[in-house]
2 protein chains.
Amino acid sequence: MHKLYLMTRSEENYIKTIFHLGRKGTQEVATNAIAELMETKPSSVTDMIKKLSEKNLVNYKRYQGVSLTSLGTKTALGIIRKHRLWEVFLVEKLDFSWDEVHEVAEQLEHIKSDKLIDSLDRLLAFPKFDPHGDPIPDKNGGFKERDRDLLSEVPINTVGVCVGVKDSSATFLKFLDKNGIALGNQIRVKEREEFDGSLNIEIDGRNLQISHVIAANLYIKTNDEI
Amino acid sequence: MHKLYLMTRSEENYIKTIFHLGRKGTQEVATNAIAELMETKPSSVTDMIKKLSEKNLVNYKRYQGVSLTSLGTKTALGIIRKHRLWEVFLVEKLDFSWDEVHEVAEQLEHIKSDKLIDSLDRLLAFPKFDPHGDPIPDKNGGFKERDRDLLSEVPINTVGVCVGVKDSSATFLKFLDKNGIALGNQIRVKEREEFDGSLNIEIDGRNLQISHVIAANLYIKTNDEI
DNA sequence: ACAAATTTTTAGATTTGCCTAAAATTTAAT
DNA sequence: ATTAAATTTTAGGCAAATCTAAAAATTTGT
Ligand SMILES: [Mn+2]
Ligand SMILES: [Mn+2]
Ligand SMILES: [Mn+2]
Ligand SMILES: [Mn+2]
């Protein structure tokens, strides 16, 4: 049953938004939240939700919020897979920087062709994570969230590798570039300033002072796996 | 003046169709011809032509047909450049066959990003022709039509290289595959049957009998350049 | 508990791209 | 030169996706 292939771009964007807002679609999402993230009006969201509900992509009872059905979740994962594979492609093959890829991937994620996306996957050697450290669902929607922690929440002296960003806005990513912070960097948390939560870290040898806001948007994978 | 970037997919498809029907937009194109090629109704075409005329993309006087303005031509060349570069990408990097690329390229040609297309161009080493032998406009719309002849129209004993197809439908392309005819093949016209216009050719060593219809859809570049 | 504030839905418009049916214009045929 | 045929445009409508304004339902605060 592949209705997936006759979805409009707009429908796909709503499904994706509901997925992201509702912890992978499991949680109920508020109409207003969707409207805000999509920069549209709540009344438009209600209209679309009804349509998606007709198509069995979301569970909906008026005034009760919306969540994805299993078909909706599958659809969302397909779009996210495409988005993230294209992001990898742009960085690996076309030398885009990680702050430039999202906008273009927003367009490319709507291209319909299974063969295209599976070939792309192969060309890129089946990457597991996108340039921002987010996991790439496989062909069947399989998804393994990497075990990771926010830099702002690990204890002093934790050592690990920077594996992702929480905020992946161009502004934040460019800031990281400017300060020489990139995925793969070795990080050690040396000191936490109680007053403002800022951190003194050692990153690939250098010392660096970063604010709490920055630390709260950087993921590390610690070495203390058992 | 880059209105180009706020064109809808539908507008782009009309512009492209007018370009193809009107010998690169120079000739006047009939409403019905556009409608037929785009599988839409003449009344819809008239509506769109008015809109494109407003935007200075076409020259239009009612009942007199339509042609591209210089802005329209530039736009068309940009879309065709994208279409053909994506076709090369699909064949060269993703192992698509030449009969599979067109459909996907029809989608990809509407992705908006100068950086994307110029990087793609570089990745592919600035190809001059697409998988069907059609020329790829450069960044500035520069376009050199290759000197070539239809196999059906060259004299007996002409020798050349197969450099393109006129009909690039999947059906025809698959037929060529089945008969081992591909771009780059060395061809010599050995005999022309007066009765039905069929040809006896030598192609990369082998002998092959091809109907007039086939010959009339294959381009060769002869070796008799001065 | 119940009024006030917030959220969500409905009702009614708008825009884009398409349609059908009918009218206007051009082209072809006698 | 008229008439007939074909082409093209207009008029009026429809579906998708959006909006504003108003009504309905839920949540919050005292
Ligand atoms: Mn992204
Ligand atoms: Mn990403
Ligand atoms: Mn093509
Ligand atoms: Mn082509």
- Task: Using a 4.0 Å heavy-atom cut-off, write out nucleotides 7-13 of chain C from 5' to 3' as B (base contacted by protein), S (sugar-phosphate only) or - (no contact).
- Result: SBBB---

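Distances shown here put a side-chain N or O of Tyr14(A) below 4.0 Å from the OP1 or OP2 atom of dT18(D). Between Ser10(A) and the phosphate of dA16(D), there is no side-chain N or O to OP1/OP2 separation shorter than 4.0 Å.
The residues Glu11(A) and Lys55(A) are annotated as salt-bridged, a charged nitrogen and a carboxylate oxygen being separated by less than 4.0 angstrom. For Arg81(B) and Asp118(B), the salt-bridge test passes: some basic side-chain N is under 4.0 Å from an acidic carboxylate O. Ion pairing of Glu145(A) with Lys24(A) is present here, as a side-chain N (NZ or NE/NH1/NH2) and a carboxylate O approach within less than 4.0 Å.
Arg9(B) places its CZ atom 16 Å from the C1' atom of dC18(C), with the value rounded to the nearest Å. Counting to the nearest Å, the P atom of dT14(C) and the NZ atom of Lys41(A) are 18 Å from each other. Rounded to an integer number of Å, the gap from Glu36(A) CD to dT6(C) C1' is 14 Å. What separates CD of Glu54(A) from C1' of dA16(D) is a distance of 15 Å, to the nearest Å. Following rounding to the nearest Å, Met7(A) (CE) and dA16(D) (P) show an atom-to-atom distance of 14 Å.
In this structure, His83(B) has its ring center closer than 6.0 angstrom to the ring center of His102(B).
Under the 4.5 Å side-chain criterion, counting only non-hydrogen atoms from C-beta, Val66(A) is not in contact with Thr31(A).
Among residues two or more places apart in sequence or in another chain, the ring-ring contact (aromatic ring centres under 6.0 Å, His included) test is passed with Tyr14(B) by none.
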